[in-house]
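Below, each value reflects all heavy atoms present in this structure, side chains not excepted, and no hydrogens, waters or symmetry copies. Since this is a predicted model, take the numbers as computed values, not measurements. Throughout, residue positions are numbered sequentially from 1 according to the sequence presented.
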Amino acid sequence: EYRETFYKHKSFRTLAMWMWTERRECSYGKGTDASRAYVLDYAAWTWPPNDQVRVWLEEGWAKWEKEKPAWFTDEWKSRLRHPGVPREALPPAL
């Protein structure tokens, strides 16, 4: 009777969406941007919808270029150019 109050199975995609929309702190740092950057480290099939990823990247890229958050590395940026990443998820500039 009480087991469901402690644990409820969710798919990994559901977890990734929670990290994208709700989480505010992760191993990359604090804030929504750090949490979203962390989500994009996972396989592209687990990512949020392409339009959400594209909008987030378009809105934040210039700011990250100036501020240089710890997670915004060449390695992280190179993951966005992986062949498995859907082109629709990326801004045209990438």
*For Pro49, check side-chain contact (heavy atoms from CB on, under 4.5 Å) against everything at least two apart and list the hits.*
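For Pro49 the side-chain contact (heavy atoms from CB on, under 4.5 Å) partners, ignoring immediate neighbours, are Met17, Asp51, Gln52.
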Is there side-chain contact between [X] and [Y], with at least one heavy-atom pair below 4.5 Å?
X	Y	result
Val53	Val39	no
Leu90	Arg54	no
Leu15	Lys10	no
Trp61	Lys77	yes

_Can you tell me if Arg87 has over 12 outside heavy atoms packed within less than 6.0 Å of its CZ?_
no
*Considering non-hydrogen atoms only, spot the tightest contact between Pro86 and Asn50 and give its length.*
CG-OD1, 3.5 Å
*With sequence neighbours left out, what residues match Lys68 under salt bridge (charged side-chain N to carboxylate O under 4.0 Å, His left out)?*
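Applying salt bridge (charged side-chain N to carboxylate O under 4.0 Å, His left out) to Lys68 gives Glu65.
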*Thr46 side chain to Ala43 main-chain N or O, any donor-acceptor pair under 3.5 Å?*
yes
*asked:* Under the rule for ring-ring contact (aromatic ring centres under 6.0 Å, His included), what residues qualify as partners of Tyr42, not counting sequence neighbours?
replied: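 Listed in chain order: Phe12, Tyr38.
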*asked:* Applying ring-ring contact (aromatic ring centres under 6.0 Å, His included), can you list everything that pairs with Trp56, at least two apart in sequence or on another chain?
replied: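 With sequence neighbours excluded, Trp56 shows a ring-ring contact (aromatic ring centres under 6.0 Å, His included) to Trp20, Trp64, given in chain and number order.
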*Nearest 0.5 Å, what's the CH2-OG distance between Trp71 and Ser27?*
12.5 Å
*Any chance you could measure Met19, atom CE, to Cys26, atom SG, to the nearest 0.5 Å?*
9.0 Å
*Take Thr14 and Ser11, measure what side-chain hydrogen bond (donor to acceptor under 3.5 Å, both in side chains) needs, and give me the verdict at the end.*
CA-CA 5 Å; Thr14 300; Ser11 69; 2.8 Å; yes
*Apply side chain to side chain donor-acceptor pair (under 3.5 Å) to Glu75 and list each qualifying residue two or more places apart in sequence or on a separate chain.*
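For Glu75 the side chain to side chain donor-acceptor pair (under 3.5 Å) partners, ignoring immediate neighbours, are Arg79.
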*Is there any salt bridge (Lys or Arg N to Asp or Glu O under 4.0 Å) pair reaching into residues 25-34, and which pairs are they, with sequence neighbours excluded?*
Asp33-Lys63
